[in-house]
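Worksheet for the structure shown next.
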There are 2 protein chains.
Amino acid sequence: MSLPHALLTALIERPGAGSELAGRFDRSIGYFWQATHQQIYRELARLEAAGWIEGRAVDGARGRKRTYRVLPAGRAELARWTAESQEPLPIRDEMMVRLRAEAVVGPTALPDNLAALTRHHRERLKTYEDIEKRDFTPPPTDRAQQLRHLVLKAGIEYERQRAAFCEQAMALLS
Amino acid sequence: MSLPHALLTALIERPGAGSELAGRFDRSIGYFWQATHQQIYRELARLEAAGWIEGRAVDGARGRKRTYRVLPAGRAELARWTAESQEPLPIRDEMMVRLRAEAVVGPTALPDNLAALTRHHRERLKTYEDIEKRDFTPPPTDRAQQLRHLVLKAGIEYERQRAAFCEQAMALLS
DNA sequence: TAGCTCATGTAAGGAGTTACATGATTGA
DNA sequence: TCAATCATGTAACTCCTTACATGAGCTA
């Protein structure tokens with residue numbers, strides 16, 4: 001479970017409130033780790049109880065807004081976890097199940113499904129490529145930026161491969 | 001949730017008992033959908049209660065072995081689900097979180113981690129390539145086999161991309 | 001002042017993981 | 001006959017999802 005560590009990373013990059021973090025999980029961070037606001041608030045409470053982050057009420061804001069910043073213990077925990085052994089990603093790919101099902105019960109309306117998925121991946125690919133153009137030309141020279149660029153490039157490759165796969169599957173089914 | 005439909009597909013491909021299915025989920029099916037034997041047995045009980053599969057006790061086997069076969073209602077359900085709209089895969093990639101964490105708290109021992117992951121993906125890539133050589137040369141001409149080949153090729157591309165990514169990340173960190 | 005939005009939170013349920021348990025057959 | 005193994009299953013827990021709820025400023 002990486003949500004606590006994704007939050008620690010996000011808060012080191014820039015301190016903020018739960019709602020702001022939720023926004024970032026809908027954009028940059030969410031491209032490789034998704035989380036809803038319910039998860040985020042619950043986890044922030046745990047992180048504060050553990051003494052890894054510190055919250056402070058924000059005056060003059062709507063609701064009972066609180067901003068959080070990472071404490072030294074939280075930074076140490078993040079460093080510890082980063083070096084911790086990583087199991088390979090467990091894979092659960094519904095579309096592969098559907099294709100194999102199609103092979104035994106087909107033909108079905110699966111191609112429509114694939115067309116919609118293709119659009120989704122093409123759009124996201126475009127988003128990533130725009131981000132790359134905006135943030136990483138020319139290619140960065142400092143380590144932290146190079147790492148972020150690498151993560152983005154992995155996303156680009158992923159979407160490209162995924163879109164191509166959907167198109168091949170459609171061609172085969174039609 | 002695709003486990004019930006992965007099980008229906010597997011049982012149409014070849015009827016069998018829970019333990020046999022567990023074996024297949026450690027090999028072919030498990031390459032795109034993982035499941036433990038506990039999940040499988042629980043789900044088989046549900047599928048039978050729903051009238052989608054039918055179990056029969058096996059005499060002269062260890063334990064209380066039961067083989068299952070798919071009923072017409074199960075086949076209909078699988079066809080229905082296959083055409084159902086598919087949301088894009090939710091992504092949760094721990095390694096990306098680790099890399100972004102490294103960018104703010106590094107350097108750490110993350111490269112060792114990446115080395116082990118690289119080995120894992122190279123090994124799995126080799127396994128897939130062997131399967132392709134064994135089962136899909138020459139390339140099949142019937143639809144069902146072509147679909148299975150496509151799913152395998154997606155796995156090959158995935159492992160290749162993943163291994164390359166780990167190597168790039170190691171190069172950047174060292 | 002009444003609705004709207006922002007920020008945070010609660011509750012219920014589903015799916016998956018981990019550890020442990022049971023019944024039956026095989027084999028030394 | 002007794003341990004090992006095979007086949008099935010229970011229990012407890014965590015994480016995630018979905019739907020709903022509350023409190024506080026903002027705005028017409």
Side-chain angles (χ1 to χ4, degrees), chain A residues 1-7 10-11 15-26 29-30 32-50 53 55-68 81 85-94 97, chain B residues 1-8 10-11 15-26 29-30 32-50 53-68 81 85-94 97:
Chain A
M1 224 276 289
S2 314
L3 178 56
H5 302 97
L7 286 170
L11 286 175
S19 56
E20 291 161 352
L21 288 167
R24 287 192 243 166
F25 272 81
D26 286 340
I29 306 169
F32 53 85
W33 197 275
Q34 300 186 318
T36 62
H37 73 101
Q38 291 91 335
Q39 283 177 274
I40 291 169
Y41 287 123
R42 195 187 326 150
E43 202 58 44
L44 284 173
R46 284 180 195 160
L47 292 177
E48 187 167 28
I53 63 174
R56 215 186 61 239
V58 179
D59 297 339
R62 288 184 175 184
R64 19 186 208 294
K65 188 169 179 174
R66 285 163 62 79
T67 51
Y68 293 93
W81 174 83
S85 164
Q86 153 97 48
E87 293 305 308
L89 256 196
I91 298 174
R92 288 217 170 83
D93 193 337
E94 260 190 44
V97 179
Chain B
M1 224 277 289
S2 316
L3 179 55
H5 303 96
L7 286 171
L8 286 172
L11 284 174
S19 56
E20 290 162 353
L21 288 167
R24 287 192 243 166
F25 271 81
D26 285 340
I29 305 168
F32 53 86
W33 197 275
Q34 299 185 316
T36 62
H37 74 101
Q38 291 91 336
Q39 283 177 275
I40 291 169
Y41 287 122
R42 196 187 325 157
E43 202 58 43
L44 284 173
R46 286 182 195 157
L47 292 177
E48 188 167 26
I53 63 174
E54 184 187 55
R56 215 185 61 239
V58 179
D59 297 338
R62 289 186 175 183
R64 19 186 209 294
K65 188 168 180 175
R66 285 163 62 79
T67 51
Y68 293 93
W81 174 83
S85 163
Q86 153 96 49
E87 294 304 309
L89 257 196
I91 298 175
R92 289 217 170 84
D93 192 337
E94 260 191 44
V97 179

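Every chain is numbered from 1, with letters handed out A, B, ... down the list of sequences.
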Taking all atoms of both residues into account, what is the closest heavy-atom pair of [X] and [Y], and its distance?
{"X": "A:L44", "Y": "A:G18", "answer": "CD1-CA, 3.7 Å"}
{"X": "A:Y68", "Y": "A:I53", "answer": "CD2-CD1, 3.5 Å"}
{"X": "A:H37", "Y": "A:A22", "answer": "CB-CB, 4.2 Å"}
{"X": "B:P90", "Y": "A:Q34", "answer": "CB-OE1, 3.1 Å"}
{"X": "B:L3", "Y": "B:A35", "answer": "CD1-CB, 3.8 Å"}

Would you give the length of the straight line joining atom [atom1] of [X] to atom [atom2] of [Y], rounded to the nearest 0.5 angstrom?
{"X": "B:R24", "Y": "B:D26", "atom1": "CZ", "atom2": "CG", "result": "12.0 Å"}
{"X": "B:D93", "Y": "A:Q86", "atom1": "CG", "atom2": "CD", "result": "7.5 Å"}
{"X": "B:R46", "Y": "B:L7", "atom1": "CZ", "atom2": "CG", "result": "11.0 Å"}
{"X": "A:Q39", "Y": "A:L21", "atom1": "CD", "atom2": "CG", "result": "13.0 Å"}

Five-pair end axes of the helix from C:dT1-D:dA28 to C:dA28-D:dT1 and the angle they enclose, rounded to 10°: 0°
Holding to salt bridge (charged side-chain N to carboxylate O under 4.0 Å, His left out), I want the full list of residues that pass it with A:R66, two or more places apart in sequence or in another chain.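 Salt bridge (charged side-chain N to carboxylate O under 4.0 Å, His left out) list for A:R66, sorted by chain: A:E48.
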DNA chain D contacts made by residues 18-26 of chain B, counting heavy atoms under 4.0 Å: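 Nucleic-acid contacts, sorted: B:G18, B:S19.
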In chain order, what residues pass the side-chain contact (heavy atoms from CB on, under 4.5 Å) check against A:A61, with sequence neighbours excluded? A:V58, A:K65
What's the [atom1]-[atom2] distance between [X] and [N], to the nearest Å?
{"X": "B:E87", "N": "D:dC16", "atom1": "CD", "atom2": "P", "value": "18 Å"}
{"X": "A:I40", "N": "C:dT8", "atom1": "CD1", "atom2": "P", "value": "10 Å"}
{"X": "B:Q34", "N": "C:dT17", "atom1": "CD", "atom2": "P", "value": "7 Å"}
{"X": "A:E43", "N": "C:dA7", "atom1": "CD", "atom2": "P", "value": "21 Å"}
{"X": "A:Q39", "N": "C:dT10", "atom1": "CD", "atom2": "P", "value": "15 Å"}
{"X": "B:K65", "N": "C:dT22", "atom1": "NZ", "atom2": "C1'", "value": "18 Å"}
{"X": "B:R66", "N": "C:dG23", "atom1": "CZ", "atom2": "P", "value": "17 Å"}
{"X": "A:W33", "N": "D:dT17", "atom1": "CH2", "atom2": "P", "value": "10 Å"}

Counting only side-chain N and O atoms of [X], is one of them less than 4.0 Å from OP1 or OP2 of [N]?
{"X": "A:Y41", "N": "C:dT8", "answer": "yes"}
{"X": "A:R92", "N": "C:dT17", "answer": "yes"}
{"X": "A:R46", "N": "D:dC15", "answer": "yes"}

Give B:A17 one of three labels, base, sugar-phosphate or nothing, depending on what nucleic acid heavy atoms sit under 4.0 Å from its own. sugar-phosphate
Tell me what B:R42 touches on the nucleic acid: a base, only sugar-phosphate, or nothing, going by heavy atoms under 4.0 Å. base
I'd like a list of close polar pairs between nucleotides 20-24 of chain D and the protein, N/O only, cut-off under 3.5 Å.
from: D:dG23; atom 1: O4'; to: A:R64; atom 2: NH1; distance (Å): 3.4

With A:W33 via ring-ring contact (aromatic ring centres under 6.0 Å, His included) - residues at least two apart: none
Return whichever of B:T67 or B:P90 has its heavy-atom-nearest nucleotide of DNA chain D closer to the 5' end.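 The residue whose closest nucleotide sits nearer the 5' end is B:T67.
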